[in-house]
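Reading through the structure tokens given below for one structure.
Keep in mind the model is a prediction, meaning the values are calculated, not measured. In what follows, every chain begins at residue 1, and chains take the letters A, B, ... in the order their sequences are listed.
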2 protein chains.
Amino acid sequence: MTKEMTIQDAFQNVMATRGDVPPKQQRVLAASLALFAEQGFSNTTTKQIAARAEVAEGTVYRRYKTKDELLAAVLAPFVSEVLPNLIEDFATNIVKRDYITRHDLIAAVIQDRLRFAQENRHVLQVLLTELLVRSDVREQLVPQVAPLLSKNLYPVLDRLKVSGELIDWPDDRIAQFMIGTMLSQLARGILANEEIESAGPMMIAFLEKGLAPES
Amino acid sequence: MTKEMTIQDAFQNVMATRGDVPPKQQRVLAASLALFAEQGFSNTTTKQIAARAEVAEGTVYRRYKTKDELLAAVLAPFVSEVLPNLIEDFATNIVKRDYITRHDLIAAVIQDRLRFAQENRHVLQVLLTELLVRSDVREQLVPQVAPLLSKNLYPVLDRLKVSGELIDWPDDRIAQFMIGTMLSQLARGILANEEIESAGPMMIAFLEKGLAPES
DNA sequence: CGTTTTGGTGAGTAATCACTCACTAAATAG
DNA sequence: CTATTTAGTGAGTGATTACTCACCAAAACG
């Protein structure tokens, strides 16, 4: 029942809210995402975007007044729609069970999120790059994502700690190790042009043992 | 006995080889590294570099003919001197012991490398960012780093697998999880402006359990 | 129907960029 | 000493950039 929402879905969500977006504007957004992922934001010119979207350069500036607004328009729906939906969906699915094992939790996190990372790897790559380079992006996104984890993931972790299923480390540290393990797979996908999916079972086993409580 | 070589040492090594480099050129390299880390390579202008190094803009181009060469000059000594030294040093220290436990290995990797990451976090940040964005950097560095791991780390891993100290997974997967765990800490340092050092013991415990052989 | 609004165009512009070059200063060589 | 090389300078340059604007076409409105 997990939603497999891609960035395209999110675009359409946002668009549905604001009336339908003309097709050429959608092409501009798609071209921007593709080029930002391939070359990075600041190595991409508005001329290139116009060329790939097959529109005039003026069209690029019709809706978004600056290149920065264009970046925001690409990333914002992902952060404010896609990501929250995914996390909340995960939380409600896990929380409603009476009893959760460590394996349940980790398998759920890894399997769904790995698919998600595979589908949205372009946005993730752009987001990651800009996080490293631009402090303004950092300062906007960190306070938006952090509470999502606090509200949805951390309560589940606490439940598992109480029932002796999970090691008693700070929630943010456990989250760090889970995210880091997935990140390593994403990095591998980018560096070696490798498929992400197949490593699932090993990642689950690794996390399951690494996060087991002290015997 | 681990060498704590910083990028400055590496600069001086390379400089010693090629005769002494004039002080203004060193200032150019230092200013470049600082600005690349703060703003990213392509958001940094040669004018800014000249200003921070307090030299004329022409001086920036005296030794390095293009901005790209300047990036290479900043990254190259790190990859071709600092990194190999570190890895080989680690390997010889570990290999000469008769018997290694999983704990020995992981503690050695984490403790030394964490210090290293802390000291060289600026170069690492630049390197990481450009790896995400520029395929030419990727294609130059991957084949230079991969054999280092194959020659120095993988034999040690194999020994541990044989003696039942380590889970029987492919070497590259084990390396991935170790690197990923450290990367997660680096990411945390960048995102939250947090000190890196303190998390050592938890990272060691996490990896030690996660990489234990199946009971 | 005329009028207004909306989406789209592409030549044009001011600013900025990486990079050059003619030149000076000083060190080194012979 | 002169001659040559090396380090450094900063005004200048052509190319490129993000962005603008006068204009057009068609749809929506009344």
Shortest non-hydrogen contact between Arg138(A) and Pro143(A), atoms and distance = O-CD, 4.1 Å

Leu35(B) versus Thr44(B), closest heavy-atom pair with distance = O-OG1, 3.4 Å

Please give, in whole Å, the distance from [N] [atom2] to [X] [atom1]?
X	N	atom1	atom2	result
Glu57(A)	dT16(D)	CD	C1'	11 Å
Gln25(A)	dT6(C)	CD	C1'	11 Å
Tyr64(A)	dA18(D)	OH	P	18 Å

Taking dG10(D), dT20(D), dG8(D) as options, the one with an atom nearest any side-chain atom of Tyr61(A) is dT20(D)

Name the closest nucleotide to the Pro22(B) side chain, picking from dA7(D), dG8(C), dT9(D).
-> dA7(D)

Is Arg52(A) paired with Glu38(A) through a side-chain N to carboxylate O contact shorter than 4.0 Å?
-> yes

Glu54(A)/Arg27(A) ion pair, N-O < 4.0 Å | yes

Could you check whether the rings of Phe206(B) and Trp169(A) sit parallel, tilted or perpendicular, using 30° and 60° as the cut-offs?
->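 The arrangement is perpendicular - the two ring planes meet at more than 60°.
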
Measure the acute angle between the ring planes of Phe78(A) and Phe116(A), then classify it against the limits of 30° and 60° as parallel, tilted or perpendicular.
-> parallel

May I ask you to list the residues of residues 41-55 of chain B, by number, that have any heavy atom positioned under 4.0 Å from an atom of DNA chain C?
->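 The answer is Thr44(B), Thr45(B), Thr46(B).
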
Can you tell me if Gln176(B) and Arg173(B) form a side-chain donor-acceptor pair at under 3.5 Å?
-> yes

N or O in side chain of Lys67(B) less than 4.0 angstrom from dA18(C) OP1/OP2 | yes

If only side-chain N and O atoms of Lys65(B) are considered, is one of them under 4.0 Å from the OP1 or OP2 phosphate oxygen of dT20(C)?
-> no

For nucleotides 21-27 of chain C, give me every protein contact, N/O to N/O, under 3.5 Å, one pair per line with atom names.
none

Start with the C-alpha distance between Leu71(B) and Glu130(B), add both sets of side-chain angles, then the distance that settles side-chain contact (heavy atoms from CB on, under 4.5 Å), and finish with yes or no.
-> CA-CA 10 Å; Leu71(B) 175 65; Glu130(B) 296 312 312; 4.3 Å; yes

